[in-house]
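A short worksheet on the structure shown next.
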Amino acid sequence: MSDQEGSLPAGEDLGRREAELRAARRANLAALRERGVDPFKATRFEVTAHASDLHERYADLSAETEPAPNEPFGLGGRLMAVRKMGKNAIWADIWDRSGRMQIYVREDAVGADALAIFDELDLGDIIGVNGSVFRSKKGDLTLRVRSFEVLSKSLVPLPDKWHGLVDVEKRYRQRYVDLIMNEDVRRIFIARSHILAEMRRFCDSKGFLECETPTMLHVAGGAAARPFRTHHNALDVPLDLRIATELNLKRLVVGGLERVYEIGRIFRNEGIDTTHNPEFTMLELYAAYWSVHEMMDFNEELFAHLVRHVLGGDDVVYGERKISFARPFKRIGYFEAMKTYGGLERTDLLDPAGAQSALGSLGLPASQTHGQALDKIFERVVEPNLIDPTFVSDYPVVISPLAKRKDGDPEIVDRYELFGANFELANAFTELNDPDDQRARFEAQIHERKKGNDEIPPPDWDFVNALEYGMPPTAGIGIGVDRLVMLLTNNQSIREVLLFPLQRPIE
RNA sequence: GCGCCUUUAGCUCAAUCGGUAGAGCAUCGGCCUUUUAAGCCGCUGGUUCCGGGUUCGAGUCCCGGAGGGCGCACCA
C-alpha cells in the first residue's frame, strides 16, 4: 500500500471533507517517515505501568513535593488530547485500558528533534512514553516525558473529543471507535469480562467442570426455539446451531462427570429487541445428586457473590430502582403467586379451558396451547410484581417438559425460576431421569411438531438411550449471562452488553 | 410483521411560516514553556440517507424505499 491520497479500500465512498482529513494524516505520516520515524515499524514497547497504577501509587503526591521521586515508567496508549504551549512545550492526554494519563513534553527534556516529531502527531496515534511523574500546578498527576516512541499511526479522524461518538448505529457497527471514545462503554465490557471470570471461578470452586459441547448439531434440542441451519460439505449433511447445551451436558452427567457447566453461545433464529439477540450466552450447570433445593442455595450464593464482587455491596441500581441481593431472596410458589397477584385459582389454571378463560378476562388474545396461555397469564399478572430477587417454585408440568414431577403431586414439577428487576434471571429444575417418561414426552412433542409448531425440536432419541444407562438424580440451572450483565451494569438494552450486536448489513 | 420517532460537514448539533444550509470540535496556517473541553487570530469544509412528487422556490410538505432507535407482537 502506498500512502498516497486515494489509495482507499475499493467501494469506500468518502465525502470530500473526510478525504481531506485522511489526506492530512497521510501527509503527517509521510512527514514522520522523512524524519526517520516509521510508526508501523515498531514491534514492541516495554509497558511498566498503566495510568491507574500511577494514579493509585501517587495519590498522595503533592505539587509542592516536586521534584517527584525519580522513578521512570513506561506507558503505552492512544493520544487523545493535545494542548500546545508555545513552540517548546506540549501537554497531552494518553489513554490506556485503565484510563487517562496526562503527559508533559518539553523541549529541554526530550530535545528539539523529538519535540518536532511529537508536534507532528495526530489525535489517535499510539505512542509509548517514558518518564517519571509529578503533580502539575492544577493538581493533575502528569508524566514528565523523557523519551517517547511512535508505535502506530491513526489514519482516520476521530469523533469529537468532547461529545465522543453518540450515534447508536455507528457505535455498534464500529465498536472499536466506541471503545476508543467512550470510557463508560469500555467499563461495561471490562465488567462483563470480570463477571464471566468470577462465574467460572465460583463454579470451579464448587467442584464443577467446565465442559465444551458442540455448537453444531444434527438435532438442536433442549429448548423450544427455531434453530439456524447450516451445512457440512465433506459429510454432506445439514447441521443446526445449538439452541441449548442441556442435552449434551446431561449426557456428561450420565457419563459420570457429576458436576458440569458450560458458559456457551446459544443461537436462536428469532427476532431482535432490547432483551434478545440471535446469539447470546448462557450458563448451564448440572449437579448430580442435587435436587432443586440445593440448586436454589447455590443460585442464591452465586448471585449474591457476583453482586458483591462487581458492585461492592448488596444493592443493584437498575434504571429507577434499587434492588437488594442480600440473602435470603424472597420465595413464592407458582400458584401462590398467581393467586396473590391475580386472584387466580390453581384448579382453574390447570384446566386448559379455565386457563383460556382467565386469559380472556385479562383482555389477552387466545393462546394456541395450554402452556402458552399459562406463560402469558404469568407474564401479565405476576412478573410485573417481581422486582426484588424472588424464587418462584413448583411450576406446572405443562410448561416444563424436561423437569421431574414432584413427589405426591404429579401436576407439579420440581422447578423454580429466579426473577428480579422484572426479568427472568435463572431457570432451574430437578432433571427428568426416567427414560420412559422422557420418551413419552418426546412422543407428545412429535404431535406438537406435526401440528405446525416449528419451535418444537425433533426428538433426540439418543438422549433417551443415554438416560436408559441411568442418570443419577440431578438438578440443572440455566442463567442468561447477557441479562445478568445488563442487570449488573445497569443497561436497558442487550446490545449495550454485546461487543458486536447483530446489525443488518449496509446496502 | 405493525406503530411511533430518527437520519443535515469527519464528530456533536442548529436552521422561525416553504425563501441564500450555520456553529462548536477536529483539520490546515499563525501566537503562547504549568495546560487540561487550554486560550487567541485566520483559512477551509455540504449528494441535508436514497428515489420520486407538489411548488417560482424543498433540509422543511406529500408518496415510496433504506438504515437505526423505542414500543407492540413473536420469543426465554
Side-chain angles (χ1 to χ4, degrees), chain A residues 13-28 63 66 80-93 100-110 115 122-124 134-142 144 154-174 177-178 180-181 222-226 243-244 266 268-278 280 282 364-365 367-368 372 375-376 378-379 383 399 417 419 423-427 453-455 478-480 482-483 492-496 501 503-507:
Chain A
D13 203 10
L14 296 178
R16 183 176 148 204
R17 189 54 179 168
E18 181 163 14
E20 283 171 11
L21 293 167
R22 288 182 183 224
R25 284 172 178 250
R26 297 256 166 198
N28 290 337
E66 222 190 321
M80 293 300 284
V82 176
R83 299 175 287 280
K84 291 178 184 171
M85 292 291 305
K87 280 197 164 55
N88 306 310
I90 300 172
W91 297 87
D93 297 339
R100 186 187 81 105
M101 177 56 58
Q102 175 168 263
I103 64 173
Y104 187 38
V105 189
R106 281 174 64 121
E107 183 183 353
D108 51 20
V110 299
L115 191 80
D122 286 306
L123 293 181
F134 71 102
R135 197 167 292 280
S136 74
K137 279 181 187 167
K138 298 287 172 66
D140 203 358
L141 193 71
T142 306
R144 190 189 302 279
S154 182
L155 294 171
V156 290
L158 286 178
D160 188 296
K161 68 184 174 197
W162 181 243
H163 300 94
L165 183 63
V166 171
D167 184 84
V168 178
E169 180 180 355
K170 203 159 278 182
R171 286 183 45 232
Y172 296 156
R173 288 191 195 275
Q174 292 175 248
V177 183
D178 194 24
I180 289 169
M181 299 306 299
R226 263 185 293 268
I243 56 173
I266 302 296
R268 296 186 180 174
N269 207 338
E270 278 148 9
I272 297 173
D273 62 33
T274 47
T275 54
H276 296 82
N277 192 66
F280 61 101
M282 192 143 92
L364 294 168
S367 292
Q368 290 189 337
Q372 194 181 33
D375 280 339
K376 291 283 140 201
F378 187 87
E379 196 177 297
E383 271 192 41
I399 54 176
E417 289 196 315
F419 291 87
F423 43 47
E424 181 208 323
L425 295 170
N427 179 19
N453 189 345
D454 56 356
E455 281 168 11
I479 295 169
D482 310 284
R483 291 181 189 177
Q492 322 296 315
S493 168
I494 197 171
R495 272 164 255 139
E496 294 293 346
Q503 298 284 111
R504 218 180 263 278
I506 302 170
E507 289 156 353

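A, B, ... follow the sequence lines: proteins, then strands. Residue 1 opens every chain. Nothing here was measured: the structure is a model prediction, and the numbers come from that model.
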Look for any protein N or O under 3.5 Å of an N or O in nucleotides 20-23 of chain B and output each such pair with its distance, or none.
none

Need the pair for B/G19. Rule: Watson-Crick or G-U wobble, both distances under 3.5 Å, any strand; none if unpaired. B/C56

Within less than 4.0 Å of OP1 or OP2 of B/C70, is there a side-chain N or O belonging to A/Arg495? yes

Examine B/G46: is either OP1 or OP2 under 4.0 Å from a nitrogen or oxygen in the side chain of A/Arg16? Give yes or no. yes

Could you give all pairs that pass the salt bridge (Lys or Arg N to Asp or Glu O under 4.0 Å) test and reach residues 160-170 of chain A, with sequence neighbours left out? A/Glu169-A/Arg173

Respond yes when some side-chain nitrogen or oxygen of A/Thr142 is under 4.0 Å from OP1 or OP2 of B/U36, and no when none is. no

Using only modelled atom types and a 3.5 angstrom limit, is any donor from either the side chain of A/Asp273 or the base of B/G71 paired with an acceptor on the other? no

Can a side chain N or O of A/Arg226 be found less than 4.0 Å away from OP1 or OP2 on B/C75? no

Any donor and acceptor pair, going by atom type alone, linking the side chain of A/Arg100 with main-chain N or O of A/Asp93 inside 3.5 Å? no

Using side-chain hydrogen bond (donor to acceptor under 3.5 Å, both in side chains) as the criterion, list what pairs up with A/Asn28, not counting sequence neighbours. A/Asp122

Under 4.0 Å between a side-chain N/O of A/Arg504 and OP1 or OP2 of B/G67, yes or no? yes

If only side-chain N and O atoms of A/Arg17 are considered, is one of them under 4.0 Å from the OP1 or OP2 phosphate oxygen of B/A9? no

Taking A/Arg226 for its side chain and A/Glu270 for its backbone only, find out whether a donor-acceptor pair lies under 3.5 Å. no

Quick one: is B/G10 close enough that its OP1 or OP2 comes under 4.0 Å of any side-chain N or O from A/Gln174? no

Check the distance between B/G29's P and A/Lys87's NZ and give it to me in whole angstrom. 12 Å

Between A/Lys138 and B/U36, does any side-chain N or O lie under 4.0 Å from OP1 or OP2? yes

At under 4.0 Å, does any side-chain N or O of A/Lys376 touch on OP1 or OP2 of B/C74? yes

Taking N and O atoms by type only, does the side chain of A/Gln102 place a donor or acceptor under 3.5 Å from a partner on the base of B/U35? yes

Reckon A/Lys170 has a side-chain N or O less than 4.0 Å from the OP1 or OP2 of B/C11? yes

Is it the case that B/C75 (base atoms only) and A/His276 (side chain only) share a donor and an acceptor within less than 3.5 Å, ignoring hydrogens and angles? yes

Counting distance alone, no hydrogens or angles: does the base of B/U36 have a donor or acceptor under 3.5 Å from a partner atom on the side chain of A/Ser136? yes

